[in-house]
Protein chains: 2
Amino acid sequence: MISNTTFSALADPNRLRILDLLANGLLSVGEIAKRLQLRQPQASKHLRVLLEAGPVKVEAESNRRNYKLRIEPLKELDTWLEGYRQIWNERYDNLELYLKQLQEMPKNHQN
Amino acid sequence: MISNTTFSALADPNRLRILDLLANGLLSVGEIAKRLQLRQPQASKHLRVLLEAGPVKVEAESNRRNYKLRIEPLKELDTWLEGYRQIWNERYDNLELYLKQLQEMPKNHQN
DNA sequence: GTTATATATTCCTTGACAGGAATATTCCCA
DNA sequence: TGGGAATATTCCTGTCAAGGAATATATAAC
């Protein structure tokens, strides 16, 4: 079972945007704040949430702190989704089967 | 871009559990409350959140209301994840490549 | 129609969280 | 060692969401 902390961390538009930024490579706090038009403290605060929840890691480089994506929590999300993917495939299969049966049914039996 | 409302709806342990229950088929409010040891009003309230956020739908049957999974928002989640899946595959590919190069490298060049 | 059952809604209180502003901390460099 | 740049933290305030309790609504059964 996936924990809800991952979802909580992503339940904020700015943090979602941060992840999308980091998908293209590591960034410093200042860069993130600049690109998202956030004030630096808010950027730091959001990054802290992401850091503690998991989907981000940090690496100090002199007085910069470079944040990177941490892919594991997203993999967990993927794993969690797996169970539901089965459901929608199942349903799709049923629809396919239904359409096939409909096609094979003689026209005069289609009411 | 996925909206954060889906994540918000899932950012609660009880709602996650509700989804997991509904993955096995439709359930009435009372059943959900009972299985999750929730009071009925709280169950209703969580279901309302899920209903408005998307991942659940409802069907009235006499004085019961049967809630079902609505798979579309989870598909959206899946689509959103797709971008990140590319990242982890990419990294995996790089690792594979690295290991391959390592293998092909003559032993006396491995420092 | 009255009663029971299932569900939804309202009101209240409390706790968590986001943003703003100010300040603290850390590290580099001269 | 002092100053500046980058980042983190603290304090404050307003908003929102969750749970509890009580109540309203709807449907079935008699």
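The model shown is predicted, which means the values in this text are computed figures rather than measured ones. Side chains are part of it too, since the values below use all heavy atoms of this structure and drop only hydrogens, waters and symmetry mates. Chain A is the first sequence line, chain B the second, and so forth, proteins listed ahead of strands; every chain is numbered from 1.
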What's the CG-P distance between Leu10(A) and dA18(C), to the nearest Å? 12 Å
Of all nucleotides in DNA chain D that come within under 4.0 Å of a heavy atom of chain B, which is furthest toward the 5' end and which toward the 3' end? dA18(D) to dA28(D)
Pairs involving residues 5-26 of chain B, ordered by first then second residue, that meet salt bridge (charged side-chain N to carboxylate O under 4.0 Å, His left out) (sequence neighbours left out): none
Looking at dC17(C), I'd like to know if its phosphate oxygens (OP1 or OP2) sit under 4.0 Å from a side-chain N or O belonging to His46(A). no
Using salt bridge (charged side-chain N to carboxylate O under 4.0 Å, His left out) as the criterion, list what pairs up with Glu59(A), not counting sequence neighbours. Lys68(A)
Using whole Å, report how far CG of Leu38(A) lies from P of dG19(C). 7 Å
Could you tell me the separation between the CG atom of Asp12(A) and the P atom of dA18(C), rounded to a whole number of Å? 5 Å
With Glu52(A) via salt bridge (charged side-chain N to carboxylate O under 4.0 Å, His left out) - residues at least two apart: Arg48(A)
Should Arg65(B) be listed as having a side-chain N or O under 4.0 Å from OP1 or OP2 of dT7(C)? no
Which residues pass the salt bridge (charged side-chain N to carboxylate O under 4.0 Å, His left out) test with Glu72(B), not counting sequence neighbours? Arg70(B)
Between side-chain atoms of residues 32-43 of chain A and protein atoms elsewhere (two or more places apart, or another chain), which donor-acceptor pairs fall under 3.5 Å?
unit_1, atom_1, unit_2, atom_2, d
Arg35(A), NE, Glu31(A), OE1, 2.9
Arg35(A), NH2, Glu31(A), OE1, 3.3
Gln40(A), NE2, Ser44(A), OG, 3.1

From C-beta outward on Ser62(A), which listed nucleotide comes closest to its side chain: dA8(C), dC28(C), dG19(C)? dC28(C)
Could you tell me whether the side chain of Asp78(B) and the main chain of Leu74(B) form a donor-acceptor pair under 3.5 Å? no
